[in-house]
Amino acid sequence: MVLHGSSVFSARDVSVYAWSRLSAFENVAHTAAHIEQLHNAPAKQKANVRRQAEQIKYCLLQAREYSVAAKAVSLATRPVLLYYSAMSLALCEVLLKQDGNHRLEKLREKHGCHGLTLAFAAIPEPESTLSIAAASLVAKPQFNTAGAAVGTFEVWRKGATEYPVGGDIEEVHGTASTKGYAMLMEPDPTQHGVLRGSVNLLQCLQNLPFMSDVLKRFGVRLNMVRATASKLIKGDKSVVSTFIVHPTRPELLDLFLGHVRCPAGEINFLEFREMPGGIIIEHADSGSMSMPPGGCLNFCVRGARRLFHGGGRRLRRTD
């Protein structure tokens, strides 16, 4: 491969940054090697792995073309093109994370539908506010005659995970210490379940951090809290994890705290210290602990770390 040029993209320019990173998966050999390593694929499956890598390339190219085309059309057509771009990206993730039974030809046999159907809690009126209109648009999962969830959304959902949560880590070595940045919590792979209920557009918007500025203009707040995570490993190898939840609305803080979990035997290692509008949580043990789903918007060592509450799976601590 010959490189003819390179460019530097800011992580804050989300669209350009994302597509530049995703373009690496258009290299079939690179993607095939990544799949082999990810799934520990045997040598006899080499041809199938390459076929899966080629399908990822085509889905990624299709997703990019849909995205580019969406910028050149009116609002009447743009949502449809963006939807199919997202669907193609979802297929890329399915092909990468899941096994050969989820190749495109296999998916069409049992999951030949989108997986979600649109319903209306009420018919939005032209003068409706964003909150009312978005809450009226509902998506319901699709099921087959046996009651099993089907469709692209369900297949993607089974392989989707929450983002890991990163933060500062300090390890004490006698009179000295080392500091760095690491992933402190990882998604819990056992928290799958089945989506039996429905979800409305307002709930989705309130759990997208980059929608914050847009939603504020319409009087809508995110359903999230901002927090800083850190870990201290003492000389005796004991661990103290600290989460500082920034000031937020009381009802949202209560909802967040209602999803903090630890084994009953470790409750004495968990400490809560209130502060105006927020709270400090310390877990002084190396055992397990789970927090509401979260994500980091900035992975710089001294940048802002954000832990957000939302729906879905919980995060568990890593040691």
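No path of Ile, Leu, Val, Met, Phe, Trp and Tyr side chains, each step under 4.5 Å between heavy atoms, connects M87 with W19, placing them in separate hydrophobic clusters. M275 and L255 fall into different hydrophobic clusters, defined by Ile, Leu, Val, Met, Phe, Trp and Tyr side-chain heavy atoms under 4.5 Å apart, directly or through other members. In terms of hydrophobic clustering, with Ile, Leu, Val, Met, Phe, Trp and Tyr side chains grouped at heavy-atom distances under 4.5 Å, F269 and V240 are assigned to different clusters. Under the 4.5 Å side-chain heavy-atom criterion for ILVMFWY residues, a single connected hydrophobic cluster contains both L118 and L205. Cluster membership for L82 and V73, using ILVMFWY side-chain heavy atoms within less than 4.5 angstrom, is not shared.
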Worked check of side chain to side chain donor-acceptor pair (under 3.5 Å) between H259 and S290 = CA-CA 8 Å; H259 287 80; S290 67; over 6 Å; no
Steps toward salt bridge (Lys or Arg N to Asp or Glu O under 4.0 Å) verdict (E26, R64) | CA-CA 11 Å; E26 294 175 14; R64 190 198 297 265; 2.8 Å; yes
Start with the C-alpha distance between I169 and E171, add both sets of side-chain angles, then the distance that settles side chain to side chain contact (heavy atoms under 4.5 Å, CB included), and finish with yes or no.
-> CA-CA 7 Å; I169 183 169; E171 187 167 1; 5.7 Å; no
Verify side chain to side chain contact (heavy atoms under 4.5 Å, CB included) between V239 and L232, making sure each step is shown before the conclusion.
-> CA-CA 6 Å; V239 178; L232 173 64; over 6 Å; no
Could you please spell out the steps behind the side chain to side chain contact (heavy atoms under 4.5 Å, CB included) verdict for V138 and F120?
-> CA-CA 6 Å; V138 179; F120 294 92; over 6 Å; no
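A side-chain donor-acceptor contact under 3.5 Å links S136 to the backbone of I132. In terms of modelled atom types and a separation under 3.5 Å, the side chain of S20 and the main chain of Y17 share a donor-acceptor contact. Side chain of S177 to main chain of V172: no donor-acceptor pair is present (N/O by atom type, distance under 3.5 Å, no hydrogens or angles). Judged by distance alone, with hydrogens and angles left aside, the side-chain atoms of T77 form no donor-acceptor pair with the main-chain N or O of S74 at under 3.5 Å. Panel note: side chain Q142, backbone G115; a donor-acceptor pair is recorded below 3.5 Å. For the pair Q55 (side chain) and L104 (backbone), a donor-acceptor distance under 3.5 Å is present. Side-chain atoms of H39 come within 3.5 Å of backbone atoms of L96 as a donor-acceptor pair (strictly under, hydrogens ignored). Q203 places a side-chain N or O within donor-acceptor distance of the main-chain N or O of N200, the cut-off being under 3.5 Å. When atom types are taken as modelled, the side chain of S128 and the backbone of P124 share no donor-acceptor pair closer than 3.5 angstrom. No donor-acceptor pair under 3.5 Å is formed between the side chain of E186 and the backbone N or O of V165.
Using a cutoff of 4.0 Å between basic side-chain nitrogens and carboxylate oxygens, R261 and E266 are not scored as salt-bridged. Ion pair K46/E36 flagged as a salt bridge, since at least one NZ, NE, NH1 or NH2 atom sits closer than 4.0 Å to an Asp/Glu carboxylate oxygen. In this structure, K57 does not pair ionically with E54, as no charged nitrogen and carboxylate oxygen lie closer than 4.0 Å. Between E282 and R273, at least one side-chain N (NZ, or NE/NH1/NH2) sits under 4.0 Å from a carboxylate O, which counts as a salt bridge.
Going from atom CD of Q206 over to atom OG of S212 covers 11.0 Å, rounded to the nearest 0.5 Å. Annotation: the span from T129 atom OG1 to L202 atom CG amounts to 9.0 Å, rounded to 0.5 Å. Taken to the nearest 0.5 Å, the NE2 atom of H30 stands 10.0 Å off from the CD1 atom of I35. Once rounded to the nearest 0.5 Å, the distance linking NZ of K110 with NE2 of H102 reads 9.0 Å. With rounding to the nearest 0.5 Å, the separation of NZ in K158 from CD in Q98 is 8.5 Å. Taken to the nearest 0.5 Å, the CE atom of M185 stands 6.0 Å off from the CE atom of M291.
Residue R21 places its CZ atom among 12 or fewer non-hydrogen atoms of other residues, nucleotides or ligands, all under 6.0 Å distant. Annotation: E251, atom CD; neighbour count of heavy atoms from other residues, nucleotides and ligands within 6.0 Å is above 12. Shown here is K97, whose NZ atom has more than 12 heavy atoms of other residues, nucleotides or ligands within 6.0 Å. Within a 6.0 Å sphere centred on CD of Q37, other residues, nucleotides and ligands contribute 12 heavy atoms or fewer.
Y83 and H114 have tilted rings, their planes meeting at an angle from 30° to 60° on a 0 to 90° scale. Aromatic ring pairs are classed by plane angle as parallel below 30°, tilted from 30° to 60° and perpendicular above 60°; the pair W156 and F153 is tilted.
By the 4.5 Å heavy-atom criterion applied to side chains, N207 and L222 are not counted as neighbours. Counting heavy atoms from C-beta outward, L215 and L130 have side chains that approach closer than 4.5 Å. By the 4.5 Å heavy-atom criterion applied to side chains, V199 and C204 are counted as neighbours. Proximity of L95 to Y58: side-chain heavy atoms (C-beta onward) are nowhere separated by under 4.5 Å. Between Y66 and S88, some side-chain heavy-atom pair lies under the 4.5 Å cut-off. In this structure, I233 and K231 have side chains that are in contact, with non-hydrogen atoms separated by less than 4.5 Å. The side-chain heavy atoms of V225 and H246, taken from C-beta on, include no pair separated by under 4.5 Å. Proximity of V260 to M289: side-chain heavy atoms (C-beta onward) are separated by under 4.5 Å at one or more points.
Taking both residues in full, the closest heavy atoms of F143 and V150 are given as C-CG2, 4.1 Å, listed atom of the first, atom of the second, then distance. Residues T248 and L253 share a closest heavy-atom pair of CG2-CB, 3.9 Å. Across all their heavy atoms, L270 and C262 have their closest contact at CD2-SG, 3.9 Å. P209 and M224 get closest at one heavy-atom pair: CD-CE, 3.5 Å. Shown here for A24 and T31, the closest heavy-atom pair between the two residues is O-OG1, 4.3 Å. Between L60 and C92, the closest heavy-atom pair is N-SG, 3.5 Å.
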